[in-house]
Amino acid sequence: QVQLVESGGGLVQAGGSLRLSCAASGRTFRYYALGWFRQAPGKEREFVAAISWSGGSTSYSDSVLGRFTISRDNAKNTGALQMNSLKPEDTAVYFCAASVQDWGPQLADEYDYWGQGTQVTVSS
């Protein structure tokens, strides 16, 4: 079992930065890939970024590539999403998730554990 808790969301102006954190419980966190997804009002949940269990492989959606950076610290059971050059269209609830598929899948259905989400609002 892995429990995930996100933090770090908030209100920021366009062009600004936020750093989201994902705190995980359970000693097996290091064996799960970590993903970040987001869901805007009236829209489906979409993939943002993923990192393999070792941290050696990362992937990003086209919409955030070059602006967001995913990372993890297995010794501290934490993950993070550094978000720079934020745009109003990045406004959403952001979720971290853990998957037994260790490479870091991009499909939400392949994730086994989810956090409760943290709101990110980017004003224009």
Side-chain angles (χ1 to χ4, degrees):
Q1 290 281 345
V2 177
Q3 292 184 328
L4 304 171
V5 179
E6 302 95 336
S7 61
L11 174 64
V12 64
Q13 289 188 333
S17 298
L18 280 175
R19 183 176 178 85
L20 304 183
S21 295
C22 179
S25 64
R27 292 181 294 174
T28 60
F29 171 70
R30 67 181 62 228
Y31 300 120
Y32 288 79
L34 179 67
W36 285 92
F37 291 77
R38 65 187 182 187
Q39 187 166 19
K43 295 188 177 180
E44 293 186 354
R45 190 169 298 189
E46 66 170 351
F47 170 77
V48 175
I51 187 167
S52 62
W53 69 269
S54 68
S57 176
T58 59
S59 62
Y60 299 89
S61 67
D62 289 343
S63 62
V64 307
L65 184 64
R67 299 188 298 124
F68 291 11
T69 302
I70 189 172
S71 62
R72 66 187 298 160
D73 185 337
N74 287 340
K76 296 182 179 179
N77 273 10
T78 59
L81 184 68
Q82 177 66 43
M83 306 186 296
N84 298 328
S85 302
L86 283 161
K87 305 175 181 180
E89 50 264 44
D90 294 318
T91 295
V93 177
Y94 283 71
F95 300 88
C96 68
S99 172
V100 297
Q101 307 293 343
D102 56 5
W103 66 86
Q106 298 187 4
L107 296 178
D109 287 348
E110 296 197 55
Y111 284 81
D112 306 282
Y113 302 101
W114 292 82
Q116 83 290 348
T118 185
Q119 177 71 47
V120 171
T121 303
V122 184
S123 63
S124 57

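Just so you know, these numbers use all the heavy atoms, side chains as well, and skip hydrogens, waters and symmetry mates. All figures in this text were calculated on a predicted structure; none of them were measured in a lab.
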Between atom [atom1] of [X] and atom [atom2] of [Y], what is the distance when rounded to the nearest 0.5 Å?
X: Ile70; Y: Cys96; atom1: CD1; atom2: SG; value: 9.5 Å
X: Gln3; Y: Gln116; atom1: CD; atom2: CD; value: 11.0 Å
X: Ser99; Y: Asp109; atom1: OG; atom2: CG; value: 11.0 Å
X: Thr28; Y: Gln1; atom1: OG1; atom2: CD; value: 9.0 Å
X: Ser124; Y: Lys87; atom1: OG; atom2: NZ; value: 14.0 Å

Taking all non-hydrogen atoms of both residues into account, name the closest pair between [X] and [Y] and its distance.
X: Asp90; Y: Arg67; answer: OD2-NH1, 2.8 Å
X: Arg19; Y: Ser71; answer: NH2-OG, 3.9 Å
X: Leu34; Y: Cys22; answer: CD1-SG, 4.1 Å
X: Ala33; Y: Pro105; answer: CB-CD, 4.4 Å

task = Please assess Trp36 against Glu6 for the test side-chain contact (heavy atoms from CB on, under 4.5 Å), listing each intermediate value before the final yes or no.
result = CA-CA 10 Å; Trp36 285 92; Glu6 302 95 336; 4.0 Å; yes

task = State yes or no: do Val100 and Val2 share one hydrophobic cluster built from I, L, V, M, F, W and Y residues joined by side-chain heavy-atom distances below 4.5 Å, directly or via other members?
result = yes

inquiry  = Same cluster or not: Trp53 versus Leu4, using hydrophobic residues (I, L, V, M, F, W, Y) connected whenever any side-chain heavy atoms lie under 4.5 Å apart?
reply    = no

key: Ser17 versus Asn84, side-chain donor and acceptor atoms under 3.5 Å   = yes

query = Between Leu81 and Arg38, does a side-chain contact (heavy atoms from CB on, under 4.5 Å) hold up when you go through it step by step?
reply = CA-CA 12 Å; Leu81 184 68; Arg38 65 187 182 187; over 6 Å; no

Any side-chain heavy-atom pair of Leu86 and Phe68 under 4.5 Å = yes

ask   = Is there side-chain contact between Asp102 and Tyr32, with at least one heavy-atom pair below 4.5 Å?
value = no

key: Heavy-atom donor-acceptor pair, Thr91 side chain to Val122 backbone, under 3.5 Å   = yes

inquiry  = Connecting only ILVMFWY residues whose side-chain heavy atoms lie within less than 4.5 Å of each other, what is the rest of Phe37's hydrophobic cluster?
reply    = Phe47, Val93, Phe95, Tyr111, Trp114

key: Hydrophobic cluster partners of Leu11 (side-chain heavy atoms under 4.5 Å)   = none

query = Can you check side-chain contact (heavy atoms from CB on, under 4.5 Å) on Tyr60 and Thr69, steps first, answer last?
reply = CA-CA 8 Å; Tyr60 299 89; Thr69 302; 3.8 Å; yes

task = May I ask you to check if Arg72 and Phe29 form a cation-pi contact, with NZ or CZ under 6.0 angstrom from the six-membered ring centre and within 45° of the axis?
result = yes

message = Taking CD in Glu46 as the centre, count heavy atoms belonging to other residues, nucleotides or ligands within less than 6.0 Å. Is the count above 12?
response = yes

ask   = Would Val12 and Met83 count as a side-chain contact (heavy atoms from CB on, under 4.5 Å) if you check the C-alpha gap in whole Å, the side-chain angles of each, and the deciding distance to 0.1 Å?
value = CA-CA 11 Å; Val12 64; Met83 306 186 296; over 6 Å; no

